[in-house]
Each structure stands twice: as structure tokens, then as C-alpha cells.
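Notes follow the structure.
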Amino acid sequence: MCVPELHLMDRGPSRLRIPPAIDVPVSPRVQRLIDTAPMRRLASISQLGLVAMVYPGAMHSRLEHSLGVYTWALRVLNQVSEPGPSAHNVDDLRASEAFIVASLVHDAGHWPFCHPIEDMGQSGMPRHEERVDAMLRSGPLAEVLHAEWACTADDVMAILCPKKIEQYLNLTPSKQIAFYASCLSGPIDVDKLDYLQRDSLHAGVPYGRNFDPMRIIASLVRHPHRPKLAIHEKGRTAAEMMVFGRYVMFSEVYWHHTVRSATAMLQRAVHELQQPTRGKAIDFAEWMDLGEAAWVSRLVDAAEQRGDSVQRLVKGLFGPTRKLLKRAAEFNVESGEDMHQMLARRPYWWLASCSRPLASSISDAIGKTVEPELVLIDAPPVKLEVDINIDIVLRSGDVATLGDVSPVASVLANRQFDNHVKRVRVFVPEWVRDRLAAQPEDSMRQWLVSAVAETEKQWV
């Protein structure tokens with residue numbers, strides 16, 4: 001295949017070095033993409049945001065991650081490229097180049113703390129994929145793409161947003177584009193191959209590195225019947241280990257209870273600052289091009305102007321002394337399935353409303369008023385994680401899912417992944433948590449049931 005970046009995999013004078021001792025092969029046109037303002041801004045945005053409050057080493061940037069994803073994309077492309085005359089087919093070359101560009105710029109639209117804010121589903125806040133679309137059509141990224149790459153913005157966006165593939169490709173979806181979309185976003189993809197290992201490395205935990213990525217790469221194949229990525233049976237064990245590593249990373253890092261306390265505090269502060277009830281409402285869409293330090297500085301200033309509990313939330317996160325809210329209750333599908341089902345995947349505005357009657361019940365029980373903005377219900381967001389059930393091509397040539405052939409993966413494949421790793425929690429100030437210790441064990445459950453009923457009645 002005549003893609004110059006593939007020829008740089010094992011040789012070439014121009015390389016960038018990223019942890020852990022990875023050489024990133026850089027062609028002149030890739031370097032020009034990296035040097036654009038949208039990509040350089042990613043160097044000032046941390047990949048994991050508030051996770052660093054629990055794992056201080058997790059300070060790596062989205063630029064580092066993007067370079068890692070691009071490197072894995074080249075390895076995948078080298079593995080699955082079809083030899084022979086088709087390797088020089090114009091459409092195949094166009095799709096391959098679109099995959100390379102998409103892997104590099106897939107996070108270009110991110111802003112600080114993007115994922116927890118997107119999880120809130122606030123109106124007027126474009127998703128980061130929409131921002132990438134705009135960048136590929138106008139500005140420095142668009143100029144490099146048009147001048148030096150065989151693919152178009154539509155090709156790249158069809159890979160980044162496969163659910164809109166017919167919209168981007170004028171109702172004539174390319175099988176090659178659809179295939180590469182599954183390589184970037186699927187049960188096993190280049191994004192996960194990078195972030196699981198990279199996040200695990202910087203957080204200082206082993207969970208996301210306990211699988212063999214090169215065995216996975218060597219086992220990747222094109223699905224025999226559909227335009228999507230599959231894995232040969234010889235890579236089954238490596239795939240099992242990757243799926244389990246992802247499960248543990250969500251459980252112990254991304255959804256660690258202290259990380260979720262900080263996340264819930266940030267989300268509530270953003271939510272309250274968007275309300276015009278006290279002072280001018282903040283339009284966070286205007287902050288999307290800021291680096292992380294500038295974004296936090298503006299948040300602190302806005303919270304100081306608003307005062308009250310919002311300022312306490314922001315100061316607890318970004319002030320000189322860390323002061324996070326404490327866990328007062330926790331429910332998962334094993335120990336509290338009824339509560340988990342009652343609160344999981346509710347819209348964020350609904351959870352914020354529900355915290356008000358809950359705060360009232362808590363205040364009555366402990367004999368002292370607790371501000372509703374400091375009673376936070378943290379629950380799995382509306383959007384579900386991507387399926388883990390990749391197709392396995394057996395030695396017989398038949399196709400099965402990973403859950404069909406793996407006892408390890410079958411439980412997670414058949415029982416929703418999110419329900420196990422993402423728990424429902426209630427966070428309150430420390431003094432409130434201490435006073436609640438004297439309450440009957442089932443009190444929080446009863447208060448939540450009552451708060452849910454009142455909220456649903458209010459919003460019918």
C-alpha cells in the first residue's frame with residue numbers, strides 16, 4: 001500500500017518518543033498536522049482530568065494519547081492491509097489515509113474535562129466530534145488535509161462517527177470506510193489499545209497492561225462476512241485479558257469512588273453556573289478552545305462571583321487544599337440492584353432536581369440544614385459504553401462472539417458492562433456523612449425512594 005507512514009514503521013529519521021519508550025513514526029505531512037493549533041492545544045489538556053486527584057501520576061496529555069493511537073493505527077493498517085492489486089486501489093488508499101488522519105485527530109475537539117461535562121447532556125454544548133468536523137472543514141487542519149492527503153473531511157468524519165456514515169458519504173457508504181471505523185471505535189480498537197495501557201502506566205497500576213497487545217495486533221483479521229474488524233481464534237486469550245483489564249480499569253480507576261466524588265462536584269458546579277438564578281449564567285461553550293489551566297482559572301473566578309455552595313465545590317477541587325465530598329451511600333447491581341435501576345441513566349438535570357428532596361430528608365434527619373447543591377447523586381450516564389463482544393473467527397472458518405467462546409467474557413457480554421463497573425453513589429460534606437452514621441442503616445434507601453417519587457411527580 002502506498003501510504004508513506006507505513007514505510008516509516010521500522011525505519012525513518014523523524015520520530016517522536018512517548019512513554020513507554022514508544023517511537024512514533026512521523027512523516028512531514030503528519031508533522032504538519034501535529035503542528036497545527038488544534039493539535040498543539042491537546043498538549044495542555046490532561047487525558048484523565050480529575051483522576052489525578054487519586055492517582056497523581058495520571059497527568060499525561062491528550063496529545064500524547066493521540067500520538068499513541070496514531071501509532072497503533074499504523075500497526076493495525078500494516079496487519080489488515082490487503083495485498084495485491086487492491087493495495088493500489090484509489091478508494092482503498094483514500095480509506096487508509098482517512099483512518100490515519102482520524103486516529104491522529106480524533107480528540108482534537110476535546111476541551112478540559114470534556115467527558116464528564118458531555119455526560120451531563122447539557123443543551124448548547126456541542127460534542128467534541130462536532131468540533132472536529134468543523135476543524136476539518138475550515139482552519140489549519142483543513143488546509144493540511146486538503147493539500148497533502150488523498151481523503152476528505154467527509155471520509156475522516158465517517159470513520160469518527162460511523163452512525164452517520166451514510167450522511168457523510170452521500171448514502172453510498174464505503175465498505176473500507178466502515179471497516180476502518182470499526183478499527184477506531186469497537187469492542188477492540190486502536191483507541192482502547194492505547195488508553196488502557198497509557199492510563200494504567202501513568203496511574204501507576206497494572207490493570208490496563210495485563211494483556212498482550214502485539215498478540216492482538218497479530219490476530220486481527222477482516223470479518224469474513226461484514227465490513228468490520230474481527231480477531232482470529234489464536235488471539236482469544238489476549239482479547240479476554242484486554243476485556244478484563246478494561247473492566248478493572250473502570251472499576252478501580254475511572255469510577256473509583258474518590259474520582260467520582262470529584263467528578264460529581266465538577267458537574268454540579270458547571271450545572272449551577274449555567275443557571276441564571278443568581279447572577280449571569282455561564283456559557284461554557286465559549287470556553288472550549290481554552291487550555292486546562294485557563295479553563296480552571298475561569299471556573300474559579302465564576303464560582304467566586306456566584307459564591308455560596310458553588311464556590312465551596314470549586315474551591316474543594318481547585319483550591320489550595322483538596323476538600324472532596326464523602327461517600328454516604330453506594331449501590332451496584334449485586335448489592336442494590338433496585339436502587340441502581342431507579343437512578344442509573346437518568347438525565348443529569350433530573351438527578352440535580354432529585355438531590356433537593358433528598359437534601360431535605362437528610363436535613364430533617366440530622367437536625368441541620370444541608371444545601372442541596374452539596375448533596376450529589378452520582379449515577380451511570382445516559383450513554384452506554386461500547387459493546388465488548390468482538391467477533392472471533394474460528395480455525396474452522398466459522399464466526400462466533402467472544403462471549404460465546406470465552407467463559408471470562410460471557411458474563412460481561414451478557415450482563416451489561418456498565419452496570420457492574422459504574423455504581424450509583426451519594427456524596428455529602430464530611431460532617432454530614434459523620435452525622436448520618438447514627439441513622440438506621442436503610443435510611444438513605446428510603447430517602448432516595450421518596451426523593452425519586454417526588455421528582456417524578458414534579459416533572460410529569
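Residue numbers count from 1 along this sequence.
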Problem - Under-4.0 Å salt bridge between D391 and K228 - result: yes

Exercise for the section: Mind telling me whether F284 and W295 have parallel, tilted or perpendicular rings, with 30° and 60° as the class edges? Expected result: tilted

Handout entry: Salt-bridge present (D189, K192; N to O < 4.0 Å)
Key = yes

Handout entry: Short N-O contact, D35 and R40, less than 4.0 angstrom
Key = no

Practice task
Scan side-chain atoms only and decide if D199 and H60 contain a donor-acceptor pair under the 3.5 Å cut-off.
Solution key: yes

Exercise for the section: Kindly confirm or rule out a cation-pi arrangement of R222 over F179, judged by NZ or CZ under 6.0 Å from the six-membered ring centre and within 45° of its axis? Expected result: yes

Practice task
Consider only side-chain N and O atoms of E330 and H257, and report whether a donor and an acceptor are under 3.5 Å apart.
Solution key: no

Exercise for the section: Compare all side-chain heavy atoms of L376 with those of S355 and state whether any distance is below 4.5 angstrom. Expected result: no

Exercise for the section: Answer yes if the side chains of Q274 and Q122 hold a donor-acceptor pair under 3.5 Å, and no otherwise. Expected result: yes

Practice task
For residues Y70 and H106, determine if any side-chain heavy atom of one lies less than 4.5 Å from a side-chain heavy atom of the other.
Solution key: no

Problem - NZ/NE/NH1/NH2 to OD/OE distance under 4.0 Å, E129 and K164 - result: no

Exercise for the section: Taking atom types as modelled, find out whether N332 and R425 have a side-chain donor-acceptor pair closer than 3.5 angstrom. Expected result: no

Fill in the blank from the handout: Per salt bridge (Lys or Arg N to Asp or Glu O under 4.0 Å), R356 is matched among E454, E371, E373 by E373

Handout entry: More than 12 heavy atoms from other groups under 6.0 Å of CZ on F318
Key = yes

Handout entry: Charged N-O contact under 4.0 Å between E430 and K326
Key = no

Problem - Lys/Arg-Asp/Glu bridge criterion (N-O < 4.0 Å) met for R131, D289 - result: yes

Practice task
Using a strict cut-off of less than 4.0 Å between a Lys/Arg side-chain nitrogen and an Asp/Glu carboxylate oxygen, indicate whether R137 and D133 qualify as a salt bridge.
Solution key: yes

Exercise for the section: Determine, for E97 against R29, whether the closest basic-nitrogen to carboxylate-oxygen distance falls under 4.0 angstrom. Expected result: yes

Practice task
Answer whether the closest heavy-atom distance between the side chains of L145 and C151 falls below 4.5 Å.
Solution key: yes

Handout entry: CA sep, side-chain torsions, deciding dist, call: R209, Q197, side chain to side chain donor-acceptor pair (under 3.5 Å)
Key = CA-CA 5 Å; R209 290 174 287 165; Q197 298 178 88; over 6 Å; no

Exercise for the section: Could you tell me whether the side chains of S27 and E5 share a donor-acceptor contact shorter than 3.5 Å? Expected result: yes

Problem - salt_bridge(R445, D338) N-O dist < 4.0 Å - result: yes

Problem - Flag side-chain contact, heavy atom, 4.5 Å: E252 against V205 - result: no

Exercise for the section: State, to 0.1 Å, how close R433 and V428 come at their nearest heavy-atom pair, and which atoms those are. Expected result: N-CG2, 3.6 Å

Handout entry: Ion pair check, E272 and R306, cut-off under 4.0 Å
Key = no

